[in-house]
Structures are given as structure tokens and as C-alpha cells.
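The next block holds one structure in the form of C-alpha cells; read it before the comments.
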There are 2 protein chains.
Amino acid sequence: MEKINEILTLDSNAKIIYPKKGEILQRENELNSKIFYVKKGLLRSFTIDEKGKEHIFIFASAGWLIADIESQEFNQPTELFIDCLEKSEVVVLDRANFMLSNLTEIQLKQNAHLLARRTAVLQRRVIMLMSASAKERYNRFLESYPELPNRVPQRMIASYLGITPQALSTIRRKMVRKN
Amino acid sequence: MEKINEILTLDSNAKIIYPKKGEILQRENELNSKIFYVKKGLLRSFTIDEKGKEHIFIFASAGWLIADIESQEFNQPTELFIDCLEKSEVVVLDRANFMLSNLTEIQLKQNAHLLARRTAVLQRRVIMLMSASAKERYNRFLESYPELPNRVPQRMIASYLGITPQALSTIRRKMVRKN
DNA sequence: TCACATTGTTAATCTAGATGAATGCATAGA
DNA sequence: TCTATGCATTCATCTAGATTAACAATGTGA
């Protein structure tokens with residue numbers, strides 16, 4: 001994940017921002033083409049459905065990219081909000097530059113790996129959503145992101161898992177009782 | 001989607017196969033690094049969970065790639081089966097070659113776009129699984145892949161949507177009644 | 001400091017979709 | 001041709017998780 005820095009330093013259009021907790025970096029329906037690389041802190045992306053309910057798509061802590069790849073790839077307005085959960089340090093890249101600037105071959109390959117890694121995470125997520133119970137998904141979440149439960153409120157973890165805060169609370173209670 | 005052909009013709013290790021309906025191209029737990037590009041026909045990838053239940057991850061008709069990106073990116077044995085639903089024509093690529101062969105810059109960028117497009121599809125899939133009812137997911141599926149219902153049995157569509165064949169049958173009945 | 005919002009918990013009720021089983025139909029294979 | 005296997009449908013039942021609501025504990029801001 002270090003090679004990204006080469007890309008960043010080469011991209012003269014890259015800017016660094018220091019968003020505060022609660023700051024919104026990208027809104028739904030913006031025609032946006034930004035990619036955010038988190039150097040420090042924590043961001044998240046999420047949608048809001050017709051009933052006004054929030055669905056967290058992904059958390060991005062230090063070293064991760066966050067962006068609305070779907071709308072960017074198909075040149076449509078953003079579906080995802082992106083906001084800041086902790087005081088952060090974030091590199092803002094332009095999609096066009098990220099994909100098309102004069103990067104070296106090595107950097108392009110790195111780029112491909114970053115995208116492949118993101119895809120891999122999503123692949124696992126889809127399989128989990130289809131085949132695992134809420135309890136299993138929660139346990140997998142704890143294994144995969146052991147530090148996040150200390151940093152984000154439970155209602156957001158519930159939202160990430162695709163369940164209500166009440167359901168998560170019940171799952172946790174049952175897990176405690178069994179130990 | 002045509003530029004892929006440039007990549008294919010350059011990759012001297014690429015082979016063409018002609019699998020028949022029902023033929024399995026990749027099994028779970030194989031340490032495999034193949035990427036399949038479908039020229040004609042129809043493939044699918046799927047997992048089988050602990051209860052023996054099938055979960056279809058993706059359908060790939062002409063012009064699409066299919067591969068277990070997750071296990072490849074993390075160098076682990078395959079989680080996904082890949083098999084053939086219709087007599088097909090398929091280009092078999094080696095992951096190593098696909099990522100690291102001496103492709104031109106343009107081809108590498110094309111490559112990045114193919115991956116980004118895959119990621120975009122998965123992004124939409126995750127959001128749908130989290131926020132939409134089975135009925136809504138079915139309608140979206142019909143919009144996105146209008147030709148597939150004629151080519152694959154309903155139980156597979158149900159599996160793709162993450163519901164049982166019975167539930168899909170009920171949804172369809174209700175939709176017919178309303179028209 | 002006091003009002004007020006946000007978070008997590010519990011409990012009662014409701015519902016989308018799962019499960020299990022039976023039936024009719026079509027296709028395939030000996 | 002007959003038999004068997006897979007597919008779609010329907011129905012009765014069950015259950016994981018949603019919904020609604022009430023309440024305590026903690027933060028937050030004027």
C-alpha cells in the first residue's frame with residue numbers, strides 16, 4: 001500500500017485536506033469524480049434510501065481509497081455520500097488524473113492492484129450478504145476490522161452489516177451470555 | 001469492450017476452449033489463477049455454503065470477464081466454482097500474464113477500466129442487497145439483464161437474488177396478477 | 001448549570017422470506 | 001416407449017430480523 005504514495009506525489013493536481021468529524025466530503029447527486037485516499041483518520045461512504053434510511057457502504061481508515069466507482073465508471077451523478085468520522089488527513093485525487101495521467105507502467109499496475117483489492121473486498125461482502133446470518137456477518141466483521149468497534153458507534157456497524165441497531169444489540173447480548 | 005481483444009491477441013499464453021453446458025471450469029479450493037473471457041455463450045460463478053446451498057455470484061455472457069478476484073488478489077485457494085450454462089467459446093487467460101505481461105500503456109488502462117466496471121457492478125449489488133426487498137431486486141435484475149430470464153432457469157435467478165425459488169415464484173405470481 | 005439530543009438496551013408485535021412437503025409438467029436417457 | 005430426474009408452483013408453517021415504543025446513560029451546547 002506504500003506505492004500509492006508514488007502516484008500521489010506524481011499527481012500534481014492532488015490536494016491534501018484536513019476534514020473534521022462530521023464534515024461531508026461528497027453529496028449524493030453531485031457530478032463528482034474525486035477519489036479520496038485516507039492518510040490518517042476515518043471516512044465512510046453511504047447511501048440514503050427512499051425511506052430515509054442510511055446504508056453504510058464502506059469504511060476507509062488509513063491506507064484505503066474511498067470513491068463512488070460506479071457513478072464514475074458510468075459518468076453518472078454520485079449515489080454515495082462520503083463523510084468524515086474522525087479528524088482526518090486525506091489526499092484528494094481527480095479520477096481523470098488517477099486513470100489517465102502520465103503514470104509509469106509500474107504505477108498503472110499498482111493502480112490495477114488497488115482496484116482488484118477493492119473488488120475482492122466487495123466480492124466477499126456480496127457472498128456474505130447472500131449466505132450468512134446477521135450474527136455470522138458480525139463475527140466476520142469483528143475478525144476483519146478488529147479496531148473499528150472502538151472507533152465507530154454501534155448503529156453504524158449495524159448499518160454496515162445491513163441490520164437495525166436493535167438487532168445488533170440483541171446479537172451482542174446473546175454472545176456475551178454464552179461466554 | 002473491444003479493446004480486450006488487443007490484450008488477448010498479445011497474450012501468447014491465452015488459449016481458447018469450447019466448454020459444453022454443465023462443464024465445470026474451476027472448482028472450489030483449487031489454487032487457481034485463471035481469468036475467463038466469454039466470447040460466446042454463458043458462464044456463471046457460485047459458492048456452496050456449509051448447508052450445501054448454492055449462491056450464484058455472477059453471470060457472464062458474451063463480452064464479460066469471470067474470475068475469482070478475491071482469492072487471486074490474496075493468493076488463496078478459490079472460493080468460487082465456475083461452470084458453463086450454455087455451449088460457449090471462452091478465452092482462458094493467466095492472471096499473472098493479465099496483470100504483469102508486457103502490455104502497452106493503453107492496454108493497461110483498458111484493463112483498469114474493465115476492473116473498475118466489475119467493481120461498479122458489485123457496488124450496485126451490495127447496495128441492493130442491503131436496501132432493497134426481494135421484489136425490488138428482481139425488478140432491477142430484469143431491467144439490467146433482460147435477456148437472461150430466457151436463458152437460465154428460475155432457480156438460478158433466485159439464487160442470484162439471494163432468495164429461494166419458492167419466494168421468486170410467489171413474487172412473479174403477484175406481479176402477473178397486478179397487470 | 002440545565003435542557004436536549006444521541007446512543008444503547010429491552011420487550012411486544014409484525015412480516016418478508018425460509019422451510020418442508022405435495023403436485024403437475026417437461027425433458028432426457030435406457 | 002417408459003421411467004426418472006429436474007423444474008416450477010402452491011400451501012402450511014416457522015423464524016430471523018424489522019418495527020414501534022419506552023427508558024436509562026451519556027454527551028453537548030447555550
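Only heavy atoms go into these numbers, but all of them, side chains included; no hydrogens, no water, no symmetry mates. Naming convention: chains lettered A, B, ... in sequence-line order (proteins, then strands); numbering from 1 in each chain.
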Q: List for me each residue that meets side-chain contact (heavy atoms from CB on, under 4.5 Å) alongside A/Ile24, sequence neighbours excluded, and say none if there are none.
A: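 Per chain and number, A/Ile24 pairs via side-chain contact (heavy atoms from CB on, under 4.5 Å) with A/Arg27, A/Asp83.
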Indicate if [X] and [Y] have the same hydrophobic cluster label, given that clusters are the connected sets of ILVMFWY residues with side-chain heavy-atom separations under 4.5 angstrom.
| X | Y | value |
| --- | --- | --- |
| B/Leu122 | A/Phe74 | no |
| A/Met175 | A/Tyr145 | yes |
| B/Met128 | B/Ile58 | no |
| B/Leu85 | B/Phe46 | yes |

(Q) Can you confirm whether A/Val90 sits close enough to A/Ile66 that some side-chain heavy atom of one is under 4.5 Å from a side-chain heavy atom of the other? (A) no
**Q.** Residues from residues 40-61 of chain A lying under 4.0 Å of DNA chain C - heavy atoms
**A.**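 Listed by number, there are none.
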Q | Members of residues 149-168 of chain A that approach DNA chain C, where some heavy atom sits under 4.0 Å away | A | A/Pro153, A/Gln154, A/Arg155, A/Gln166
Q.
What's the angle between the local helix axes at either end of the helix from C/dT1-D/dA30 to C/dA30-D/dT1, using five pairs per end and rounding to 10 degrees?
A. 40°
(Q) I want to check one thing: is the phosphate of D/dT9, taken as OP1 and OP2, less than 4.0 Å away from some side-chain N or O of B/Arg173? (A)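 Looking at the OP1 and OP2 atoms of D/dT9, neither is under 4.0 Å from any side-chain N or O of B/Arg173.
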To the nearest 0.5 Å, what is the distance between [atom1] on [X] and [atom2] on [Y]?
| X | Y | atom1 | atom2 | value |
| --- | --- | --- | --- | --- |
| A/Ile127 | B/Ile56 | CD1 | CD1 | 12.5 Å |
| B/Ile171 | B/Leu161 | CD1 | CG | 7.5 Å |
| B/Phe57 | B/Thr47 | CZ | OG1 | 9.0 Å |

Q: List the protein contact pattern of nucleotides 25-30 of chain D with one symbol per nucleotide (5' to 3'): B for base contact, S for sugar-phosphate-only contact, - for none; contact means a heavy-atom distance under 4.0 Å.
A: ------
Protein-nucleic acid N or O pairs under 3.5 Å, nucleotides 22-30 of chain C:
none

**Q.** Geometric cation-pi criterion B/Arg137 and B/Tyr160, 6.0 Å radius, 45° cone
**A.**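 No, B/Arg137 and B/Tyr160 do not form such a contact.
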Q) Rounded to the Å, how far apart are A/Ile171 CD1 and D/dA16 P? A) 11 Å
Q) NA contact type, A/Ser133, heavy-atom cut-off 4.0 Å: base, sugar-phosphate, or nothing? A) sugar-phosphate
Q) Ion pair present between A/Arg155 and A/Glu54, side-chain N to carboxylate O less than 4.0 angstrom? A) yes
